[in-house]
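Remarks on the structure that follows.
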Amino acid sequence: MMRTITFGEALREALHEEMERDDTVFVMGEDVITHGGPYKVTQGIAERFPGRIFETPIAEAGIVGVGVGAAMAGMHPVVEIMYLDFITCAMDEVVNQAAKMRYMTGGQASVPMVIRLPCGAGRLLAAQHSQIMESWFMHVPGVQVAVPSTPSDGKGLLKTAVRSPDPVLFFEYKRTYTSKGEVPEGEYTIPFGQADIKRDGEDATIVAVGPMVQKSLEAAVLLEDEGYDVEVVDPRTLSPLDTETICESVRRTGRAVVCGEDSSFAGSVSEIAAMIGENCFGDLKAPVVRIGSPHVPMPFSAALVKHVVPEVPNITAAVEQVIS
Amino acid sequence: MSLSAELCRTMYKDMWRIRLFEEEANRQTNLGNVMGALHMYCGEEAVAVGVCSNLRKDDYVLGTHRSHGHCLAKGADSRQMMAELYGKATGTCAGKGGSMHIADFSLNMLGANGIVGAGIAPATGAALASKMRGTDQVAVCFFGDGAAARGTFHEGIGLGSLWKLPVVYVCENNQYQQWVPRMNVAVLDSVSDMAGAYAIPGVSVNGQDPIEVYEVAREAINRARSGGGPTLIEARTYRFYGHSLGDEQQYRTPEEVEAWRTDHDPIKTLRALMADRQWLTDQEDTAIQDEVKDEIANAVKFADESPFPDAAEVTTDVLAPAQEAG
């Protein structure tokens, strides 16, 4: 049975279900009780699970650091950082503490913590509330990076994240919160490192990350009119990355466009493009094309933002380029 | 446990364990057997031992880059620790952590830490776990005076106080922030004065006197365990060696160091107290030191004879095994 709910509602369901399942799961972050979180994902938890949600002062390093310690002591914290940009205030806690603990202790430590990260463009909040840093964390061994694009993926991946014995950076694109989609009733999870082919096609592969999945699907419809049958692959997690599914698709189509909102310079799309080049060179009929944001801070004015975040025409043009 | 001959003997022996373990590690560094940097705790033994003598095995301890003392005082095996310093597979952290990252989760010693002040919030988190589960475990975080300048001090202690968690923050003020006398870069002489900002008790204690540390820590730990919330303890102490081995120590005079070694050695302080109360004969003193010397000799032998980790270990323990397979 399916029903249609928003991405935000799907995440809320995942949290409630996981807190019901395991009483070591708890929530911590700024404004998570009084306001229900900036995007209302934590709404209702205080009433249903009293004593298992902590509203904090504005102290990102403290919040993530407390999460590290609680996790090492056997709890499963789900930490919310109000905007991804603010995780820079807790980089030591993510990079030197959460990520390295298992390794440095020779496997003794486990840090089962989820850090939820509302991110990306969409509300004209400019450079300090809109950045994408997927590749920053792909670069850190010991953490996992999930980037759901639909309500059903959001729910299934968040439930897996909560159950993971290792830290997860869970990217939630702000403009995805209100998007609707079919979500199965009842219990399900989606494993990490398993890409999803969102649309089958034979002429070219678009590997699309986060909100670019929806845009790529729209582009695919337009390209259909031009006679091109395009496949859209959603990696769903960037670390671990399902190289097998991506390569299998690219070998079949012989053409690849990699599309994300992260900067294309040293961004998540760059790693995927390099991986395709390394593994599929002999099957490629054209060079891989990357689409990402230009290497600039996010501007404020909507007139400028539209030149930063990739749009459907950028994707159709890129596909035409690899096919022609 | 109130002060007794037995407790004093245990503390005395533990201080010797730390002193001789480190002096041996120093020697083995010079011989090329111990790898990497070594931050010596010698001189500060009364703090780790005075505090940890009040702890249960299931209480949590988090440390610093200068944590051999905290690990040994919490009960860590000196053989595994020495093997860790040698980079051996049998080390506490299988040769992946080294001196600055020794952890022993079987003792809830959740790790030394190479980043100054980075243990404060995690210790607060361990205390939150204890409170949520309804156990009466206490978390103790050791950190240096340099850490008191970091934001993590403010954020971590702030949260511990806000949620009235069972955590004791122990600042080891050894008066030098790496190569800089602390007061060159700080305005408040007493770190414990900062407790007022978090509405928790703050107390400074002579960190060269194990009994004084023991008693102050006992009160703080009992308060934490019984729901009274955190305490900030400042132990005024002194490191007998430089920041790390090879430090030229241009920031202090040899006379200053010698004066501390002569007049404020915590081992001598406790020995004098015990002798005064007739709790330690010369014979017993020799027996304790011989026992510790044997332990350290065994640790070196164990480390010497242990294998180095296999090359395949480079890629293990990044994530839990199931995900590595996935």
Side-chain angles (χ1 to χ4, degrees), chain A residues 23-24 26 28 51-52 54-77 89-90 92-93 95-113 141-144 160 164-167 191-194 237 239-240 242, chain B residues 60 62 84 89 91-98 100-106 108 110-115 117-130 132-133 137 139 141 150-152 154-160 162-163 165 309 313 316-324 326:
Chain A
D23 61 14
T24 68
F26 73 97
M28 185 167 46
R52 289 170 61 193
F54 298 90
E55 191 155 74
T56 67
I58 297 165
E60 285 80 10
I63 298 164
V64 179
V66 165
V68 171
M72 289 199 295
M75 303 300 284
H76 286 71
C89 299
D92 176 64
E93 285 64 32
V95 175
N96 286 319
Q97 310 303 327
K100 294 176 183 168
M101 276 304 159
R102 182 182 294 280
Y103 198 81
M104 291 195 303
T105 62
Q108 295 178 79
S110 187
V111 183
M113 170 169 58
V143 301
Q144 303 159 96
T160 300
S164 171
D166 291 299
F192 281 10
Q194 201 170 99
T237 58
S239 179
D242 181 359
Chain B
Y60 297 104
L62 286 92
E84 186 63 28
T92 333
C93 302
K96 286 179 170 169
M100 283 193 280
H101 307 109
I102 296 181
D104 188 339
F105 277 56
S106 70
N108 276 349
L110 302 188
N113 208 304
I115 307 291
I120 299 175
T124 306
L128 177 64
S130 160
M132 286 186 73
R133 281 196 297 253
Q137 292 158 284
C141 186
R150 285 214 56 214
T152 52
H154 178 65
E155 296 189 19
I157 298 180
L159 288 165
L162 175 67
W163 295 329
L165 298 178
E313 293 300 322
T316 61
D317 301 325
V318 179
L319 297 174
Q323 281 153 323
E324 278 166 7

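From a predicted model like this one, the values you see are computed outputs, not experimental measurements. Order of the sequence lines sets the chain letters (A, B, ...), proteins ahead of strands, with each chain counted from 1.
- Proximity to chain A is limited to the backbone of B:E313, based on heavy atoms less than 4.5 angstrom apart.
- In terms of heavy-atom pairs under 4.5 Å with chain B, the best-connected choice from A:A59, A:A71, A:A99 is A:A59.
- Residues A:A73 and B:A129 approach most closely at CB-CB, 3.7 Å, considering heavy atoms.
- Here the shortest heavy-atom pairing between A:E60 and B:E155 reads N-OE1, 3.6 Å.
- Across all their heavy atoms, A:V66 and B:L128 have their closest contact at CG1-CD2, 3.9 Å.
- Between B:L162 and A:P57 the shortest heavy-atom distance is CD2-CD, 3.8 Å.
- Using a 4.5 Å cut-off between heavy atoms, B:N113 contacts chain A through its side chain alone, with no backbone atom that close.
- When heavy atoms are compared at a cutoff of 4.5 Å, B:L159 approaches chain A solely by way of its side chain, counted from C-beta outward.
- Between chain A and the residues B:A121, B:G151, B:S130, the largest count of heavy-atom pairs under 4.5 Å involves B:A121.
- For B:F105, the parts sitting under 4.5 Å from any heavy atom of chain A are the backbone and the side chain alike.
- When B:G160, B:A118, B:A94 are compared by the number of non-hydrogen pairs under 4.5 Å with chain A, B:A118 comes out ahead.
- Other residues, nucleotides and ligands place more than 12 heavy atoms under 6.0 Å from the NE2 atom of A:H76.
- The two residues A:R102 and B:D317 have their closest heavy-atom pair at CG-O, 3.3 Å.
- When all heavy atoms of A:G106 and B:K96 are compared, the closest pair comes out as CA-CD, 4.3 Å.
- One distance of note links CD1 of B:I102 with OG1 of A:T105; it measures 12.0 Å at 0.5 Å rounding.
- Residues B:I115 and A:Q97 form a side-chain contact, since some pair of their non-hydrogen atoms from C-beta on lies under 4.5 Å apart.
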Margin query: Please evaluate residues B:M100 and A:M104 with respect to the criterion side-chain contact (heavy atoms from CB on, under 4.5 Å), reporting the C-alpha separation (whole Å), side-chain torsions for both, the decisive distance (0.1 Å), and the verdict.
Written below: CA-CA 10 Å; B:M100 283 193 280; A:M104 291 195 303; over 6 Å; no
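- Comparing A:I58, A:V68, A:V64, A:D92 by heavy-atom pairs within less than 4.5 Å of chain B, the highest count is held by A:D92.
- When atom types are taken as modelled, the side chain of A:Q108 and the backbone of B:T92 share a donor-acceptor pair closer than 3.5 angstrom.
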Check: Passes side-chain contact (heavy atoms from CB on, under 4.5 Å), B:T152 versus A:E93? Steps please.
Finding: CA-CA 10 Å; B:T152 52; A:E93 285 64 32; 3.5 Å; yes
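- For chain B, no part of A:Q194 is nearby; none of its heavy atoms comes within less than 4.5 Å.
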